There are 2 protein chains.
Amino acid sequence: MSESPQNEPNVVSTIADKICSKLQNAIVEGIIPAGSKISEPALASEYGISRGPLREALSRLEACNLIERKPNVGARVVTLTREHLVEIYLIRESLEGLAARLAAENMSDKDVNELDALLEKHKHQIIQDQSYYQKEGDMDFHFRIVKGSNNSYLIDMFSNDLYHLIRLYRYQFGMVSKRVPRAFVEHEQIVDAIRQHDGELAQFLMSRHISNSRKNVEKMLDEHLAITD
Amino acid sequence: MSESPQNEPNVVSTIADKICSKLQNAIVEGIIPAGSKISEPALASEYGISRGPLREALSRLEACNLIERKPNVGARVVTLTREHLVEIYLIRESLEGLAARLAAENMSDKDVNELDALLEKHKHQIIQDQSYYQKEGDMDFHFRIVKGSNNSYLIDMFSNDLYHLIRLYRYQFGMVSKRVPRAFVEHEQIVDAIRQHDGELAQFLMSRHISNSRKNVEKMLDEHLAITD
DNA sequence: TATGAATATATTGTCGACAATTTGCTCATT
DNA sequence: AATGAGCAAATTGTCGACAATATATTCATA
């Protein structure tokens, strides 16, 4: 049910919580279009709730950079730009590089084995359904390593802010790349480095992995824009 | 008036905005003690407002990791731990390293000159008032470089989340170090690298600068704890 | 016709009251 | 005296209504 990366059953009790999750998905999937204005009365009646919990949800959406709010004016869904996407990738290079280093230093053998099992699962999924791996599978891998860092702020940033932004751009720019086999090999290299507790190497490989991914995306965007124009 | 790092006059119009700023300062300065429970009715009447905008403010405080909320239970100010402080420093090493690199690539000569002027100002302040440089002066320098990165998410994270957390720990652990002269030299080195548009070097120097700072803080905490026990 | 002021409409911000849930207390039972 | 069930008090979550602000429209004037 829940699209959020945390494993816990996620018993979202309050209305604000539920509506926040729904809105996150609605924005990611473009049901509420990028750049569009958000009307509080309209949304409230649409979801059958009052404006109180809705505004609480909007606060959180603002915090995770999915909407922008101006006092006394209202909220808009963010507009997607190539520049912002690059900005996000640069931050991921830096932050997930750190995460990989810490994961290499901290993860137990048991954790590493589970990570390996995940890769094994992905190997089969790639054959039968590349698109799944490209979306959720890749996300699972990266989030697993962030969790392995054991740094609460890192985990927090990833699961609250970055996670939704990454999904948003994946969904709406909807790019399917030829990089899947290459990316999978890079994942294997990263896990190897983590298993050997080689933090420096894990950091280097993770940064480069995301950097490669960024360059690939930039190239695709350029080509796509060239066609569109 | 405003303690926030952005330069704009910061015309906070809405009550929720003002109360959020006030609460941020109150928490940073320990007026609302770390680890204490927050009573919505009590706070609301204390500040002479209703619970609506207060809850909106609490949402933001939660987003910047100053308080923790549990549904149907309430909010508590975060508790300060050595581990969390180290986590924050690690993230700063990574993120501000990136910021320095981007700043070296992007900043105009005019921006670099202003940064230099800031250092010159600090040089005099150190002589007459070390404590100022150690708190706000250091913050000014680091924020200036983050802004120089021109990465909106980086700027956002720093000014919304990290900024307040850094101030919180500085205030409450209130450590005054002997590192001021050394830190100043490191600042100069970083600016030099930025002036030469040597991104790699700027990143390395900034990461090491924060890493040194972290080690110094860890050492001081250990000594302090040793005395306390 | 174009521009701008004045008004009208709609939207956001704030408030106080009620509902739902949790916490603390009382009291009976072992 | 200690434990636990049941009840009372307090706190959080939600709602609908009102106030303040911004946007849209109307109308007069150049």
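In what follows, chains are A, B, ... by sequence order, proteins preceding strands, each numbered from 1. It should be emphasised that the depicted structure is a prediction, and the values quoted were computed from it without experimental measurement.
Every residue two or more places apart in sequence or in another chain that forms a side-chain hydrogen bond (donor to acceptor under 3.5 Å, both in side chains) with B:Arg214 is listed here: B:Glu93, B:Glu218. A:Asp116 pairs by the side-chain hydrogen bond (donor to acceptor under 3.5 Å, both in side chains) definition with A:Arg195, not counting sequence neighbours. The ring-ring contact (aromatic ring centres under 6.0 Å, His included) check on A:Tyr169 picks up A:Phe173, with sequence neighbours excluded. Evaluation of the side-chain hydrogen bond (donor to acceptor under 3.5 Å, both in side chains) rule for B:Thr81 yields no partner, not counting sequence neighbours. Scored by the salt bridge (charged side-chain N to carboxylate O under 4.0 Å, His left out) test, A:Glu114 finds A:Lys110, A:Arg144 as partners (sequence neighbours excluded).
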Show the atom names and distances, to 0.1 Å, of all donor-acceptor pairs under 3.5 Å that link a side chain in residues 95-105 of chain A to residues at least two apart or in another chain.
{"residue": "A:Glu96", "atom": "OE1", "partner": "A:His142", "partner atom": "ND1", "Å": "2.7"}
{"residue": "A:Glu96", "atom": "OE2", "partner": "A:Arg92", "partner atom": "NE", "Å": "2.6"}
{"residue": "A:Glu96", "atom": "OE2", "partner": "A:Arg92", "partner atom": "NH2", "Å": "3.1"}

Please tabulate, for the side chains in residues 49-57 of chain B, all donor-acceptor contacts under 3.5 angstrom to protein atoms that are two or more places apart in sequence or on a different chain.
{"residue": "B:Ser50", "atom": "OG", "partner": "B:Gly52", "partner atom": "N", "Å": "3.0"}
{"residue": "B:Arg51", "atom": "NE", "partner": "B:Glu40", "partner atom": "OE1", "Å": "3.1"}
{"residue": "B:Arg51", "atom": "NH2", "partner": "B:Glu40", "partner atom": "OE1", "Å": "3.1"}
{"residue": "B:Arg55", "atom": "NH1", "partner": "B:Glu40", "partner atom": "OE1", "Å": "3.4"}
{"residue": "B:Arg55", "atom": "NH1", "partner": "B:Glu40", "partner atom": "OE2", "Å": "3.0"}
{"residue": "B:Glu56", "atom": "OE2", "partner": "A:Ser59", "partner atom": "OG", "Å": "3.0"}
{"residue": "B:Glu56", "atom": "OE2", "partner": "A:Arg69", "partner atom": "NH1", "Å": "3.0"}

Just by protein heavy atoms under 4.0 Å, how would nucleotides 7-22 of chain C read 5' to 3' in B, S and -?
----SBBBB-----SS
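Each end of the helix from C:dT1-D:dA30 to C:dT30-D:dA1 gets its own axis from five base pairs, and the two axes differ in direction by 10°, given to 10 degrees.
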